[in-house]
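One structure below.
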Amino acid sequence: MTEATTVATPTDSSSSGTDAGEDERLAHLGPVRQLLTRPEIGALIGAVGVWLLFWLVSVPFGTVGGTANYLDVAATLGLMAVPVALLMIGGEFDLSSGSMTGATAIIVVLLSSDTELLGGAGLSLHLAVPLSLAFALAIGWFNGTLVEKTSLPSFIVTLGTFFILIGAKLGFTKLFTNKVIAEGLDRSSGYEFWDNIFGATWIRNGHVWDNRDWAWSGMLIIGAVVLILATMELAYARRAKPNLTGYSVAAVGAALSTFGFITLLRQDSITSNWVFGIITAIGVLVAVGGWCMARYQPAQLTSLNAAATNSAATGQNKQMVLWLVAGALAIVGAICIAIYMDADNANRLDFLTGTPGRATLAIGIGATGVLAVLAALGRVSVGYPAIGAAIALIPAISYMITIQGARAILFGILAVAGVGLLSLAARRGGLAALFNLCTSAAIVGLAFFIQAEAVSRKLRVELFTALLLIALILAASAITQMIAARRTSAPPAPMHSPLARQIGVGLGLVGGLISLILELADGDGILYSIIMSAAKGGIVVFAVFAITTLGRTLFTSDESVGKSLVFVGIGSVMLGIAAKLLFITSDELANTRAETRFGVGVMLFLVFAVVAAWILARTQFGNWIFAVGGNKDASRSVGVPAARTKTTLFMLVSVSAWVTGMVIAFRLNSVQADVGDGNEFRYIIVAVVGGCLLTGGYGSAIGAAISAVIWGMITSGIGFATWNSDWRFLVLGALLLLAVLVNNYVRSQAEKVR
């Protein structure tokens, strides 16, 4: 059992077609289709959409400082949302998780603060911090054991713990301090040591790296190329013997695209941008075509013709054509709206306002209620109340939005819907390659229209370039569909060389130890030195893994490299982003007075997410979590220790609450008695948006982490955009409902392909 829905597939990975008698349920799903059936896909799409929205409407949001701001919000939430997601996958809830964060923080302050002045116990933090951890473990054990021994719903048990904790926090704080706040942590013995752990910050301005731009852009390009290679390895059937002519063509295309791209960066005229941009695109398409010729079985023209002409495919292609036409109409409508509406008009939309608007609003609300009653009685279809809601929304939106805002929203919705419909048309069928080319052409058209209409450099240059790159990727995908035969069975599991693994780990340890010695010799703190040394050692291990994977791809006939390439590509992209966020160039430092900080909570959040995802996907305990969440009695019958598993999950939530409480305490040095109260519902919401079911047995730790980032982006983005913050809960509520609908659809699709 794995973190996402798994698909049973045959082991033969070289077949290029499906036998007439083969069960279609055993057909291999391509990487894109598999991605679309993962539980975190709804959160991932939402994160991209939310980021793009606030990037477009706010200047600070897309900066490193803006990123640090919303990551800080996401970290505090995600530290708890990830373990709560594990608990929900295991079929339980913990309503005391929010109050636990404040309780552990208050315990540390009360145990360590001065006895006479601040009403504390006067213990050293070296004793107070471990005692607070012991308290958290005890609460987690109590919750889990009581749920298992009494068979009461965890909702009831932890609700009782919730009230006990909030009462104890307030009561003991006022008893010892005569206030509702516990303070004075920074005066406690051992503060400096523990502050370097839970209060540590990475100050970006103090880490100058003048070659950063070359490093991070190079890592992004490498990551993107490797991910494209990974997608092709997972989607297309390998040749028995490589075609050397294809490799020659690929090498020519790679050289041409490299020349065009480097020259493009060095030129700055309109003509040169056009010329070398086209050269780069042609080189990429030639390289992709040559690579497909060299490595993959050729697509059979007769099979493509049969797929396009048989009766089943003909009906499917008709549906694809309808989607294609609808997508084209949506894009044309978006362009017409952008041309018709005034981009500089900041007045209210004034569409159905005044008396007509009030009448329309009243009619819409009344119609919604009446149709809802009729739908409940079975007199009309369940979709009819949406008609009344749509009528009511027309004047409601016109009260809240300006003309320029309506123009941007309508253009964005129609353009995205159009591209989405075109993408649906390209998902399958004999005309998929042609539809991909149509989608690519439509995106190019949108890119040039946006460039011609926009005033902001962000839209005219950055968004324009991104859209052209997306179009190029789609065009390359169309070429691969025309040249290469698709897999009909899954590739084998990756087989890594033990020797390469040992070499990588050994080099990582040596590199980490050398770095630790140098860092300590420079007088840096112990914690800083350990973190930097571990990071550098990890980069060495990743570099060895990446080199060996690329070597297996280029110089062996190993068909299992696809999944390894995915990890190399994602790792390269993440390293590039980390380099951009964590380091500053001399020029940037000279031109800014702002100081960007990343708290240790961000690092802990990322570690929690990665470790939780690994537990779910790669360990026996992860299998147990899914099993007890799906059916506890059935899991017990096959030997799963259900009670121990669930109690461990409750204790993991409590430990996470302790870590979060320590981060809060050492950041503020004082703790209010109500800290954390009510946050447990946010943790559950974040887990649900990330793909977890309230009934258990299904979900994703990575999805919960992404959902926490979405929450942080919305919370910070509304402020950056200078919007009325009162609307943030409306946005979050709508996001929750949309995510639940998407996740429900994703789960239904995943069950169809099991």
Side-chain angles (χ1 to χ4, degrees), residues 30-33 35-36 41 44-53 55-56 62 217 220-232 235 253 257 260-261 264 273-274 276-289 323-324 327-328 330-332 334-335 338 411-427 432-454 456-482 566 569-570 572-573 576-577:
V32 175
R33 184 92 180 270
L35 176 64
L36 292 175
I41 187 62
L44 183 61
I45 294 173
V48 173
V50 171
W51 187 90
L52 185 60
L53 170 65
W55 178 79
L56 288 172
S217 57
L220 287 184
I221 293 172
I222 291 172
V225 171
V226 171
L227 285 174
I228 292 173
L229 292 179
T231 302
M232 291 192 291
S257 61
F261 183 71
L264 181 65
N273 288 342
W274 272 97
F276 293 107
I278 292 175
I279 290 175
T280 302
I282 293 174
V284 169
L285 296 179
V286 170
V288 169
W323 283 346
L324 182 69
I331 292 175
V332 171
I335 294 175
F411 177 82
I413 291 175
L414 288 175
V416 171
V419 172
L421 288 170
L422 294 178
S423 300
L424 285 175
R427 282 181 60 185
L434 176 61
F435 290 163
N436 262 328
L437 288 176
C438 293
T439 306
S440 178
I443 293 175
V444 170
L446 280 173
F448 279 100
F449 178 78
I450 291 172
Q451 187 192 46
E453 287 286 311
S456 168
R457 184 185 184 279
K458 184 182 290 186
L459 301 179
R460 294 182 64 253
V461 177
E462 298 176 23
L463 183 60
F464 174 75
T465 304
L467 290 175
L468 290 183
L469 289 175
I470 293 172
L472 180 60
I473 292 173
L474 286 175
S477 174
I479 289 178
T480 58
Q481 288 174 321
M482 290 185 286
V566 170
I570 294 176
S572 299
V573 171
I577 295 174

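Along the sequence shown, residues are numbered consecutively beginning with 1.
The closest donor-acceptor contact from the side chain of Ser477 to the backbone of Ile473 lies at 3.5 Å or more, if one exists at all.
With values rounded to the nearest 0.5 angstrom, Ser572 atom OG is found 6.0 Å from Ile222 atom CD1. Annotation: the span from Leu468 atom CG to Ile443 atom CD1 amounts to 10.0 Å, rounded to 0.5 Å. With rounding to the nearest 0.5 Å, the separation of CE in Met482 from CG in Asn436 is 9.0 Å. Atoms CD1 and CG, from Ile41 and Leu44 in turn, are 5.0 Å apart once rounded to the nearest 0.5 Å. Interatomic distance, Ile335 CD1 to Leu414 CG, rounded to the nearest 0.5 Å: 10.5 Å. For the atom pair CG (Leu467) and CD1 (Ile450), the distance works out to 5.5 Å, reported to the nearest 0.5 Å.
Residues Ala415 and Ile331 approach most closely at O-CG1, 4.4 Å, considering heavy atoms. Taking both residues in full, the closest heavy atoms of Gly260 and Phe276 are given as O-CB, 3.7 Å, listed atom of the first, atom of the second, then distance. Between Ser440 and Ala471, the closest heavy-atom pair is OG-O, 2.7 Å.
Contact annotation: the side chain of Val226 never approaches that of Val566 to less than 4.5 Å [non-hydrogen atoms, C-beta and beyond].
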**Request:** Could you check Ile279 against Phe261 for side chain to side chain contact (heavy atoms under 4.5 Å, CB included), going step by step and ending with a plain yes or no?
**Result:** CA-CA 8 Å; Ile279 290 175; Phe261 183 71; over 6 Å; no
**Item:** Worked verdict on Ile479 versus Leu437 for side chain to side chain contact (heavy atoms under 4.5 Å, CB included)
**Value:** CA-CA 9 Å; Ile479 289 178; Leu437 288 176; 5.7 Å; no
**Message:** Pair Val419, Ile470 - check side chain to side chain contact (heavy atoms under 4.5 Å, CB included), show working.
**Reply:** CA-CA 11 Å; Val419 172; Ile470 293 172; over 6 Å; no
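Taking the six-membered ring where the residue is Trp, Phe464 and Phe448 present perpendicular rings, their angle passing 60° and hence far from 30°.
With sequence neighbours excluded, no residue forms a side-chain hydrogen bond (donor to acceptor under 3.5 Å, both in side chains) with Thr280.
Within a 6.0 Å sphere centred on CZ of Phe449, other residues, nucleotides and ligands contribute more than 12 heavy atoms.
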